[in-house]
A.B. asks: 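Input: one structure, supplied below.
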Protein chains: 2
Amino acid sequence: MARAATTADAFNAVAEPRRRQILDVLAGGERPVNDLVRQLGLPQPQVSKHLRVLREVGAVDVRDEGRRRLYRLNGRALKPIHDWVKDYERFWSERFDELDVVLEELKRKEEGDGSE
Amino acid sequence: MARAATTADAFNAVAEPRRRQILDVLAGGERPVNDLVRQLGLPQPQVSKHLRVLREVGAVDVRDEGRRRLYRLNGRALKPIHDWVKDYERFWSERFDELDVVLEELKRKEEGDGSE
DNA sequence: GACAAATATTCCTATATAGGTATACAATTG
DNA sequence: CAATTGTATACCTATATAGGAATATTTGTC
């Protein structure tokens with residue numbers, strides 16, 4: 001059985017790091033394919049292929065400008081990812097809290113042992 | 001060329017929705033495999049397979065308790081996902097900001113038309 | 001109109017996998 | 001000790017893909 005298609009949802013689309021890179025660049029503003037090609041140092045066909053995936057999950061939109069195709073980010077498509085992962089933030093934030101407590105206790109111990 | 005392995009990183013591991021579900025359940029606390037099997041209504045071998053992936057990306061930790069294996073969440077492993085997607089929050093938050101402005105203007109208009 | 005630029009798409013391939021089925025192994029129970 | 005429980009894993013299969021190489025199509029320039 002195959003994995004879910006890369007175009008199945010945003011999670012699958014952005015699992016591929018190059019596609020995340022493309023989104024990162026587009027976060028800075030609308031771009032033609034050529035810009036992405038140059039900026040990412042990837043071959044043009046590759047970039048087009050990745051853009052197609054991103055387009056199909058709705059993460060980018062495209063408009064024609066003559067022979068150029070300008071792509072822009074649709075960040076809303078990434079919201080499901082954020083919505084899912086944000087609930088896990090407490091698992092590393094609390095960790096920091098616990099670490100602070102432990103460090104505080106260690107500090108007290110050191111002060112308590114300061115006499116040795 | 002194959003896609004990156006599901007065990008390549010957290011992004012690839014959680015692209016599969018069942019694995020996200022597993023993490024969601026474990027977010028509620030340490031669990032034996034059997035609990036996950038029953039709670040998710042998945043066959044046991046499937047659950048074990050998914051758990052192995054999650055274990056390899058570090059998203060879960062396991063300890064033996066007799067013949068039972070208890071799995072617990074390591075939420076830190078999901079931080080890279082959060083770190084990446086959080087910068088995109090502005091792309092839907094600003095949208096909400098704009099919507100608020102529009103709604104505010106509509107409200108003012110309605111209040112202005114309140115005399116009719 | 002010839003040529004170049006920009007880009008999408010086709011063809012190909014080796015690779016990994018999600019689920020199904022069956023099995024192996026260890027621990028527990030009676 | 002036999003039977004049961006709990007779980008990991010092996011074997012199998014159909015499927016999708018990331019990149020490479022090549023190509024097709026459209027638009028722009030001179």
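No hydrogens, no waters, no symmetry mates; every other heavy atom, side chains included, goes into these values. Every chain is numbered from 1, with letters handed out A, B, ... down the list of sequences.
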A.B. asks: Round to the nearest Å and state the distance from B/Gln21 atom CD to C/dA18 atom P.
C.D. replies: 14 Å
A.B. asks: Compare all side-chain heavy atoms of A/Lys79 with those of B/Glu89 and state whether any distance is below 4.5 angstrom.
C.D. replies: no
A.B. asks: Which listed nucleotide (D/dA18, C/dT17, D/dT17) is nearest to the side chain of A/Arg19?
C.D. replies: D/dA18
A.B. asks: Can you check whether B/Arg63's main-chain N or O pairs, donor with acceptor, with B/Tyr71's side chain at less than 3.5 Å?
C.D. replies: no
A.B. asks: Looking at A/Asp83 and A/Lys86, does any basic side-chain N land under 4.0 Å from a carboxylate oxygen?
C.D. replies: yes
A.B. asks: Please state how far atom CE in A/Met1 lies from atom P in C/dA18, giving the value in whole angstrom units.
C.D. replies: 9 Å
A.B. asks: Taking the six-membered ring of B/Phe11, is NZ or CZ of A/Arg20 closer than 6.0 Å to its centre and within 45° of its axis?
C.D. replies: yes
A.B. asks: Among the nucleotides C/dA18, D/dT17, C/dT9, which one has an atom lying closest to any side-chain atom of A/Arg3?
C.D. replies: C/dA18
A.B. asks: Nearest whole Å is fine: how far is D/dG19 P from A/Leu42 CG?
C.D. replies: 7 Å
A.B. asks: Between B/Asn34 and D/dT5, is there a contact of a side-chain N or O with OP1 or OP2 at under 4.0 Å?
C.D. replies: no
A.B. asks: Hey, are A/Glu65 and A/Arg68 close enough for a salt bridge, meaning a charged N less than 4.0 Å from a carboxylate O?
C.D. replies: yes
A.B. asks: Using a cut-off of strictly less than 4.0 Å, decide whether B/Arg69 has a side-chain nitrogen or oxygen near OP1 or OP2 of C/dA27.
C.D. replies: no
A.B. asks: Nearest-Å distance, CZ (A/Arg52) to P (D/dG19)?
C.D. replies: 16 Å
A.B. asks: If you measure only the distance, is there a donor-acceptor pair under 3.5 Å linking the side chains of A/His50 and A/Arg18?
C.D. replies: no
A.B. asks: With side-chain contact (heavy atoms from CB on, under 4.5 Å) as the test, pick out the partner of A/Val62 among A/Arg69, A/Glu30, A/Arg52, A/Arg72.
C.D. replies: A/Arg69
A.B. asks: From the options A/Val60, A/Leu51, A/Asp24, A/Thr6, select the one residue that forms a side-chain contact (heavy atoms from CB on, under 4.5 Å) with A/Arg19.
C.D. replies: A/Thr6
A.B. asks: Over how many whole Å does the gap from A/Asp64 atom CG to C/dA6 atom C1' extend?
C.D. replies: 11 Å
A.B. asks: Once you round it to whole Å, what is the distance between C1' of D/dG6 and CZ of B/Arg31?
C.D. replies: 17 Å
A.B. asks: Nearest whole angstrom, please: distance from the C1' of D/dG6 to the CZ of B/Arg38.
C.D. replies: 11 Å
A.B. asks: Which letters describe nucleotides 20-27 of chain D, given B = protein heavy atom under 4.0 Å from base, S = only from sugar-phosphate, - = neither?
C.D. replies: BBB----B
A.B. asks: Just how far, in rounded Å, is C1' of C/dT9 from NE2 of A/His50?
C.D. replies: 15 Å
A.B. asks: Please give me every residue in residues 8-16 of chain B whose heavy atoms get under 4.0 Å of an atom in DNA chain D, ordered by residue number.
C.D. replies: none
A.B. asks: Got a donor-acceptor contact below 3.5 angstrom from the A/Asn12 side chain to the A/Thr7 backbone?
C.D. replies: no
A.B. asks: Could you pick out which residue, A/Val53 or A/Ala2, lies toward the 5' side of DNA chain D when each is mapped onto its nearest nucleotide?
C.D. replies: A/Ala2
